[in-house]
Amino acid sequence: MELDRIDRRILRLLRNNARMPNKDLAERAQIAPSTALERVRKLHEAKVILGYHAEVAPLAIGIGLQAMVAIRMTRHSRDSLEAFQAHLRQLPEVLAFYHVAGKDDFLVHVGVRDTRHLRDFELAAFTQREEVAHIETHLIFEFRRNPELPIYAGGEAD
C-alpha cells in the first residue's frame with residue numbers, strides 16, 4: 001500500500017491515541033469522518049495497522065525492575081535460532097526481544113519483580129540453554145516509548 005500524507009497523519013494520530021473517536025481523528029486529520037473510517041479500514045486490511053494495545057504502568061502490575069539482556073549464541077543454525085525464539089515467546093517475563101547483528105545475537109527486554117527474580121529468571125531461562133554461550137545484563141533505569149512515529153514510506157515526512 002502506498003501511504004500518502006493523510007495516511008501518515010492518521011498513523012501518527014492513532015500512534016499517540018489509538019482510542020481517539022473517529023470524529024476527532026477526522027477533524028485532526030482534516031478529512032471527513034467517513035473518509036477517516038474508510039482510510040483506517042484500508043490501513044488494517046493492508047496490515048499497516050497491526051493492532052492496538054493498552055500501555056500499562058509496570059509498577060501497577062508488579063514489575064519493579066526491567067533489564068535488557070544481551071545474549072550470545074553458541075551456534076547460529078536456523079534450527080537453534082528458531083528454537084531459542086520459540087523459547088523466548090513462552091516466557092512471560094520477556095517483554096520484547098530483538099534478533100540483532102553484532103557481537104550479541106539477541107537483546108531481550110525483561111520485566112521482573114526485583115533483583116532476586118531477575119537472577120532466578122536468567123539462571124532458569126538462559127544459562128540452562130545449551131545454545132546460549134554468554135549473557136550480559138543491563139538494568140533499565142528509565143524507559144520511554146517515543147510516541148512520535150517516523151514514517152518514511154510514501155514520501156517526505158510531514
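Only heavy atoms go into these numbers, but all of them, side chains included; no hydrogens, no water, no symmetry mates.
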Solution key, residues 22-35 side-chain donor-acceptor pairs under 3.5 Å, sequence neighbours excluded:
unit_1: Asn22; atom_1: OD1; unit_2: Leu37; atom_2: N; d: 3.4
unit_1: Asn22; atom_1: ND2; unit_2: Pro33; atom_2: O; d: 2.9

N/O donor-acceptor pairs under 3.5 Å from side chains in residues 49-59, not counting sequence neighbours:
unit_1: Tyr52; atom_1: OH; unit_2: His44; atom_2: NE2; d: 2.9
unit_1: Glu55; atom_1: OE1; unit_2: Arg145; atom_2: NE; d: 3.2
unit_1: Glu55; atom_1: OE1; unit_2: Arg145; atom_2: NH2; d: 3.3

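Residues that satisfy the side chain to side chain donor-acceptor pair (under 3.5 Å) test with Ser77, not counting sequence neighbours, are Ser80. Applying the side chain to side chain donor-acceptor pair (under 3.5 Å) test to Thr74 and every residue at least two apart in sequence or in another chain returns nothing. A search for salt bridge (Lys or Arg N to Asp or Glu O under 4.0 Å) contacts involving Asp105 returns nothing, not counting sequence neighbours. The salt bridge (Lys or Arg N to Asp or Glu O under 4.0 Å) test applied to Arg72 returns Asp104, not counting sequence neighbours. By the side chain to side chain contact (heavy atoms under 4.5 Å, CB included) test, Asn146 is found to be paired with Arg144, Glu148, residues two or more places apart in sequence or in another chain being considered. With sequence neighbours excluded, the residues that form a salt bridge (Lys or Arg N to Asp or Glu O under 4.0 Å) with Glu130 are Arg75. For the salt bridge (Lys or Arg N to Asp or Glu O under 4.0 Å) test, residues two or more places apart in sequence or in another chain that qualify with Arg129 are Glu131.
Screening residues 106-119 for salt bridge (Lys or Arg N to Asp or Glu O under 4.0 Å) gives no qualifying pairs among residues at least two apart or on separate chains. Applying the side-chain hydrogen bond (donor to acceptor under 3.5 Å, both in side chains) rule to pairs touching residues 91-103 yields Glu93-His117, sequence neighbours excluded.
Residues Leu11 and Ile6 share a hydrophobic cluster, clusters being chains of Ile/Leu/Val/Met/Phe/Trp/Tyr side chains in contact below 4.5 Å. Note on Met20 and Val48: same hydrophobic cluster, where clusters join Ile, Leu, Val, Met, Phe, Trp and Tyr whose side-chain heavy atoms are under 4.5 Å apart, directly or indirectly.
For Asn17 (side chain) and Leu13 (main-chain N/O), no donor-acceptor pair under 3.5 Å exists by modelled atom type.
In this structure the side chain of Arg39 reaches within 4.5 angstrom of the side chain of Asp7, judged on heavy atoms. Counting heavy atoms from C-beta on, the side chains of His138 and Leu107 never come closer than 4.5 Å.
Here CD of Glu122 is found 10.5 Å from CD of Glu136. Values are rounded to the nearest 0.5 Å. For the atom pair CD of Gln85 and CD of Glu82, the computed distance is 7.0 Å after rounding to the nearest 0.5 Å.
Minimum heavy-atom separation, Gln90 to Pro92: O-CD, 3.4 Å. Taking both residues in full, the closest heavy atoms of Gln66 and Leu95 are given as OE1-CD1, 3.7 Å, listed atom of the first, atom of the second, then distance.
With a 4.5 Å cut-off between side-chain heavy atoms of Ile, Leu, Val, Met, Phe, Trp and Tyr, the cluster of Phe121 takes in Leu65, Val69, Ile71, Met73, Leu81, Phe84, Leu88, Leu91, Val94, Phe97, Phe106, Val108, Val110, Val112, Leu118, Phe126, Val132, Ile135, Leu139.
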